[in-house]
Number of protein chains: 4
Amino acid sequence: MVRYKKSEERRKQILFAAFKALSDYGFETVTLQIIADNAQLSKGVVHYYFDNKEAILVELLEWLTLKIYLKERAATQEQDTALGKLESFLNSVFISPEENRSFYRVYLDFLARANRVLAYREINQRFYDNCASISTEIVLLGQQERIFAEHLSPESTAPIIRAIIDGCLIQWLMSDRDELHAVFKKSCYDAIIHLLMK
Amino acid sequence: MVRYKKSEERRKQILFAAFKALSDYGFETVTLQIIADNAQLSKGVVHYYFDNKEAILVELLEWLTLKIYLKERAATQEQDTALGKLESFLNSVFISPEENRSFYRVYLDFLARANRVLAYREINQRFYDNCASISTEIVLLGQQERIFAEHLSPESTAPIIRAIIDGCLIQWLMSDRDELHAVFKKSCYDAIIHLLMK
Amino acid sequence: MVRYKKSEERRKQILFAAFKALSDYGFETVTLQIIADNAQLSKGVVHYYFDNKEAILVELLEWLTLKIYLKERAATQEQDTALGKLESFLNSVFISPEENRSFYRVYLDFLARANRVLAYREINQRFYDNCASISTEIVLLGQQERIFAEHLSPESTAPIIRAIIDGCLIQWLMSDRDELHAVFKKSCYDAIIHLLMK
Amino acid sequence: MVRYKKSEERRKQILFAAFKALSDYGFETVTLQIIADNAQLSKGVVHYYFDNKEAILVELLEWLTLKIYLKERAATQEQDTALGKLESFLNSVFISPEENRSFYRVYLDFLARANRVLAYREINQRFYDNCASISTEIVLLGQQERIFAEHLSPESTAPIIRAIIDGCLIQWLMSDRDELHAVFKKSCYDAIIHLLMK
DNA sequence: GATGAATGAGGTTTCATTCAT
DNA sequence: TATGAATGAAACCTCATTCAT
């Protein structure tokens with residue numbers, strides 16, 4: 001139905017505006033007015049599509065984490081070898097200072113609040129699980145290819161990979177220096193490789 | 001203009017109350033009233049000791065990160081060997097579900113805001129540098145003891161160690177399951193050992 | 001960013017309520033709540049139309065002084081002779097105990113603050129200049145009619161006329177006696193006439 | 001008794017500090033802390049000597065207006081002729097930009113509040129009466145000397161003189177230009193002379 | 001007498017949410 | 001659907017005043 005599609009577009013439009021607003025202003029400072037302004041809509045219409053501010057944020061986190069996961073997944077599937085997949089995966093993660101900054105700014109805000117909001121934790125857990133499935137797949141393939149250490153349990157290695165990635169990107173973000181993006185990317189890649197290789 | 005010397009104990013009392021309040025409620029929800037209630041003081045007295053809410057938060061971050069660093073440092077100095085120091089260091093980091101939760105909840109809040117507040121970034125950078133000095137020292141000692149890989153640059157290894165620690169603790173925090181604390185601790189330890197050992 | 005065009009009538013309504021509130025309570029005592037109550041509006045709506053309390057006051061002074069000036073000007077233009085204009089002018093100035101009291105109460109508050117607030121001083125200066133133009137015109141006409149002393153400089157006489165008017169009305173206001181309004185009016189008129197006539 | 005004298009000195013010290021504070025900050029902005037700081041005393045001691053803030057202000061107005069009156073009176077008594085007295089009187093009124101500014105700033109604040117506070121009005125009325133007695137005396141003397149117009153009623157002329165003085169000084173204050181002090185002084189003098197002389 | 005820490009009422013301001021149009 | 005005016009709860013902050021020391 002047309003109405004449904006239009007409606008869905010409006011929601012996406014608002015979500016994207018919310019993403020931009022959050023990235024620019026942060027959780028504490030952002031207001032529905034700013035989101036509405038970003039979406040070039042009135043404040044009222046935002047409430048028409050979402051019950052309240054929280055509903056926007058929940059849906060935004062869902063939308064955002066799914067998008068990131070799908071990107072990473074697609075990047076991995078472009079390659080056939082374990083090393084190729086790993087590299088492609090990390091390339092899609094460390095995509096650019098601009099994109100990493102805007103995503104991680106918002107993502108950090110969500111993580112900070114996830115401690116108190118169950119809905120966020122659940123969404124984030126799904127995100128973790130999805131990402132873990134990618135890593136797990138790569139590790140398994142690498143072991144089949146006999147280039148990754150056999151003693152590694154793919155399931156318990158995935159969180160470590162995630163940890164190194166998140167930890168590096170957070171440190172990079174805190175450094176506020178774009179030129180270090182490549183440095184952290186390489187460090188991250190080397191560490192993961194070192195961890196996996198025989 | 002006469003400005004009175006404020007009692008240091010009161011400041012500490014308020015900072016600790018702020019820490020507890022932040023851990024319980026989060027940045028967004030916490031109010032000066034809650035902080036004052038936690039400190040069993042009136043709202044006014046909080047403003048008597050701190051110019052404004054922001055000043056409390058800045059000083060809290062400073063106090064908190066310094067305290068953590070000193071703890072980690074003290075733990076490391078209790079041991080003489082690289083492996084002993086590393087283990088002691090990680091024990092002081094993964095101290096207990098309760099302490100890790102309360103600290104990381106607040107710390108995540110700070111990281112989230114550090115993107116927009118220079119003061120927080122600067123304090124955090126100092127914290128990073130301090131922590132890095134501990135890791136660097138351990139790596140160097142391990143190399144002297146001929147048990148850690150020589151090809152590792154101590155300076156560029158430190159951030160990876162930090163990344164694994166932070167990344168693991170964040171994932172643990174998001175899991176909201178105390179029983180996983182030990183699991184993440186072990187994974188973290190194993191990964192770091194694997195990274196460092198010959 | 002979409003900024004909505006605020007209804008002019010509402011602004012006027014709030015300004016008038018602010019005028020009444022100021023006249024009743026004075027600068028120090030008046031609150032936004034009182035202004036809102038006077039306007040029969042909620043506190044929030046006042047902030048919807050004005051950025052802050054100061055903005056209301058600035059606009060109020062501007063509105064008030066312009067209104068007074070236009071009244072005086074209109075009164076003067078009703079007459080053709082110098083004496084007629086002067087009388088009409090003073091009639092519009094000494095209009096009634098009620099109106100003079102409410103205006104001068106507020107005006108005195110503004111003058112008191114104008115010492116520290118440039119914006120007020122500027123608005124008041126414009127008011128002075130406008131009022132001076134009226135007096136100057138009357139003096140010039142009177143000189144052309146050969147009934148006012150030629151040696152008077154119209155430009156330097158205007159401030160003296162203003163001084164006598166303000167000085168008299170302040171003294172009347174301080175007396176807190178409505179029945180003296182007519183007395184001060186006559187004294188003021190006589191003094192100005194004495195000053196101007198040959 | 002020593003205690004009484006010490007006590008009186010403290011009160012004066014506080015009053016003078018309050019005068020300076022009011023002149024610098026204005027009624028709205030001034031706080032007891034600022035007054036105490038100006039007096040180089042603690043906040044507590046101010047409350048020891050005065051019941052509350054209002055009591056300070058009332059006594060300040062009383063002290064200030066009396067001081068001004070005595071000054072004007074003394075200046076007048078230095079001369080013997082009507083014109084000499086008038087000139088001396090006006091010299092003591094238009095004393096200097098600095099002194100006039102600090103006094104009129106505070107005085108305007110008091111006038112503004114006098115509308116609502118009976119105590120201020122009463123003190124001010126006494127000040128008016130005192131000042132009027134000076135003017136009345138000068139006018140009477142001038143009439144005896146046959147240089148002032150006989151038809152003037154000394155009692156009703158005094159308020160006009162006061163009006164011209166206050167009106168001029170307020171306009172000068174609002175101009176915020178020290179160099180106009182002499183100009184307004186001369187205008188004021190000329191107008192009064194013109195009003196009084198035959 | 002003197003201090004300054006502590007209180008708490010009350011002010012300005014922000015903003016999610018509602019609702020008439 | 002869409003708007004934006006209106007509401008009111010709740011935040012931060014100020015400051016006169018009190019009172020233990």
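Quick note on labels: first sequence line is chain A, next is B, and so on, each numbered from 1.
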**Nucleotide forming a Watson-Crick or wobble pair with F/dT21, both distances under 3.5 Å** = E/dA2
**Asked** To the nearest Å, how far apart are B/Ile35 CD1 and F/dC13 P?
**Response** 11 Å
**Prompt:** Just to confirm, is there a sub-4.0 Å distance from OP1 or OP2 of F/dC15 to any side-chain nitrogen or oxygen of B/Tyr48?
**Reply:** no
**Message:** Closest approach to the side chain of A/Leu32, judged atom by atom: which nucleotide of E/dA2, E/dA16, F/dC12 is it?
**Reply:** E/dA16
**Prompt:** Which residue, C/Val45 or B/Glu54, contacts DNA chain F at a nucleotide closer to its 5' end, judged by nearest heavy atom?
**Reply:** C/Val45
**Complete:** OH (B/Tyr49) and OG (B/Ser7) are apart, to the nearest 0.5 Å, by 5.0 Å
**Request:** In whole angstrom, give the distance that lies between atom OH of D/Tyr25 and atom P of F/dT14.
**Result:** 15 Å
**Request:** Would you mind telling me which residue lines up with the more 5' stretch of DNA chain E, C/Val30 or A/Thr31, judged by nearest nucleotide?
**Result:** C/Val30
**Message:** Students often get this wrong, so: under 4.0 angstrom with heavy atoms, is D/Val46 touching a base, only sugar-phosphate, or nothing?
**Reply:** nothing
**Request:** By nearest nucleotide on DNA chain F, pick out whichever of B/Lys53 and A/Gly44 is the more 5' one.
**Result:** A/Gly44
**Message:** Can you measure C/Leu57 atom CG to E/dT13 atom P for me and round it to whole angstrom units?
**Reply:** 10 Å
**Request:** Take atom CD of D/Glu28 and atom P of F/dA16, then tell me their distance rounded to the nearest Å.
**Result:** 12 Å
**Request:** For the pair C/Arg126 and C/Glu62, find out whether any cationic side-chain nitrogen is under 4.0 Å from an anionic carboxylate oxygen.
**Result:** yes
**Asked** Say you draw a straight line from CG of B/Leu41 to CD of B/Gln13; how long is it, rounded to the nearest 0.5 Å?
**Response** 4.5 Å
**Item:** Straight-line distance of B/Thr65 OG1 to B/Phe103 CZ, nearest 0.5 Å
**Value:** 7.5 Å
**Fill in**
Between CD1 of B/Ile34 and P of F/dC13 the distance, given in whole Å, is 15 Å
**Message:** With a 3.5 Å limit on both atom pairs, tell me what E/dT14 is paired to, counting Watson-Crick and G-U wobble, or say none.
**Reply:** F/dA9
**Asked** Between atom CZ in B/Phe50 and atom P in F/dC12, what is the gap in whole Å?
**Response** 15 Å
**Pair C/Glu59 + C/Arg11, salt bridge at N-O below 4.0 Å** = yes
**Candidates F/dG4, F/dA2, E/dA16 - which lies nearest the side chain of A/His47** = E/dA16
**Request:** Take the protein atom CG of B/Asn52 and the nucleotide atom C1' of E/dT13, then report the distance between them rounded to whole Å.
**Result:** 16 Å
**Euclidean distance, atom CG of residue B/Asp51 to atom C1' of F/dC15 [Å, nearest integer]** = 15 Å
**Message:** Regarding E/dG10, can its base be found pairing with the side chain of B/Lys43 as donor and acceptor, where the two atoms are less than 3.5 Å apart?
**Reply:** yes
**Prompt:** Is any side-chain nitrogen or oxygen of B/Arg10 closer than 4.0 Å to OP1 or OP2 of E/dA6?
**Reply:** yes
